[in-house]
Amino acid sequence: MRKTREENPCPMDTLLRLLMGPWTTQILWVLRTQGALRFGALQRQLGQISARVLTQRLRLLEEAGILYRDYRPTVPPEVSYGLTEKGRQLGTVLDGLDTLARQWAAEDAPQSDH
């Protein structure tokens, strides 16, 4: 039987499931380090992500209140994305994960003899 959110004893589960989605941490990292960006600029920063996947991830993060979408009805329309206060609160967590990931990568790297 699948547990509902109310029955799940781990309070981190919902947040971690959101962060585990494809491209999510990269999107958050870029917006955190670059600031608010227009869709095209964000897509270029991410590299190989398709417009469809980026749109899906941005919508999901917007629904979760982690980022905002700023639409300006110019010609052509300008749409930019940035972190909300809730999204900025993830900064400490992302920094901690970055530190740990770099530490583990250094430990796992083959040691060369010079």
Side-chain angles (χ1 to χ4, degrees):
M1 179 191 282
R2 214 172 131 181
K3 291 185 175 188
T4 64
R5 205 178 282 174
E6 295 81 33
E7 296 171 348
N8 191 335
C10 179
M12 295 178 289
D13 189 62
T14 302
L15 175 59
L16 291 176
R17 286 179 187 275
L18 176 66
L19 293 177
M20 286 188 318
W23 294 96
T24 302
T25 53
Q26 293 98 317
I27 291 167
L28 294 174
W29 190 263
V30 168
L31 291 175
R32 183 162 184 268
T33 58
Q34 306 281 322
L37 292 172
R38 291 178 66 177
F39 184 91
L42 179 56
Q43 187 176 19
R44 284 189 296 279
Q45 288 289 320
L46 294 168
Q48 299 296 317
I49 191 170
S50 70
R52 183 176 76 65
V53 170
L54 179 55
T55 298
Q56 289 173 340
R57 299 315 300 170
L58 291 172
R59 284 182 182 156
L60 185 68
L61 292 167
E62 183 181 8
E63 288 171 13
I66 292 174
L67 58 79
Y68 66 86
R69 178 179 185 266
D70 182 32
Y71 172 81
R72 298 189 184 206
T74 58
V75 178
E78 288 184 32
V79 180
S80 60
Y81 297 88
L83 296 177
T84 62
E85 178 58 33
K86 194 174 183 181
R88 287 188 296 275
Q89 289 173 354
L90 284 169
T92 304
V93 173
L94 294 175
D95 287 344
L97 289 172
D98 178 59
T99 299
L100 188 59
R102 290 174 191 268
Q103 176 186 329
W104 286 5
E107 290 171 0
D108 292 344
Q111 301 297 319
S112 62
D113 295 324
H114 284 88

Would you say [X] and [Y] make side-chain contact, with heavy atoms under 4.5 Å?
{"X": "I27", "Y": "Y81", "answer": "no"}
{"X": "L42", "Y": "L58", "answer": "yes"}
{"X": "L15", "Y": "V93", "answer": "no"}
{"X": "S80", "Y": "F39", "answer": "no"}

Distance-minimising heavy-atom pair for Y68 and L83: CE2-O, 3.5 Å
Nearest heavy atoms of P76 and T74, plus distance in Å: O-OG1, 2.6 Å
Note: R32-D98 ion pair, threshold 4.0 Å (strictly below): no
E85/R88 ion pair, N-O < 4.0 Å: yes
Heavy-atom donor-acceptor pair, K86 side chain to A64 backbone, under 3.5 Å: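 It does hold such a pair.
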Flag, side chain of T84 to backbone of G65, donor-acceptor distance under 3.5 Å: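 Yes, because the side chain of T84 sits within donor-acceptor range (under 3.5 Å) of the backbone of G65.
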side-chain contact (heavy atoms from CB on, under 4.5 Å) evaluation trace for W29 with L94: CA-CA 8 Å; W29 190 263; L94 294 175; 4.2 Å; yes
Pair R57-T24, side-chain donor/acceptor within less than 3.5 Å: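 Side chains of R57 and T24: pair found under 3.5 Å.
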Stepwise side-chain contact (heavy atoms from CB on, under 4.5 Å) test for I66 and L60: CA-CA 9 Å; I66 292 174; L60 185 68; over 6 Å; no
Test side-chain contact (heavy atoms from CB on, under 4.5 Å) applied to R17 and M20, step by step: CA-CA 5 Å; R17 286 179 187 275; M20 286 188 318; 4.2 Å; yes
Steps toward side-chain contact (heavy atoms from CB on, under 4.5 Å) verdict (V79, R38): CA-CA 6 Å; V79 180; R38 291 178 66 177; over 6 Å; no
Considering only distance and modelled atom types, tabulate donor-acceptor pairs under 3.5 Å from the side chains of residues 43-51, sequence neighbours left out.
{"from": "Q43", "atom 1": "NE2", "to": "I49", "atom 2": "O", "distance (Å)": "3.2"}
{"from": "R44", "atom 1": "NH1", "to": "G40", "atom 2": "O", "distance (Å)": "3.4"}
{"from": "S50", "atom 1": "OG", "to": "V53", "atom 2": "N", "distance (Å)": "3.1"}

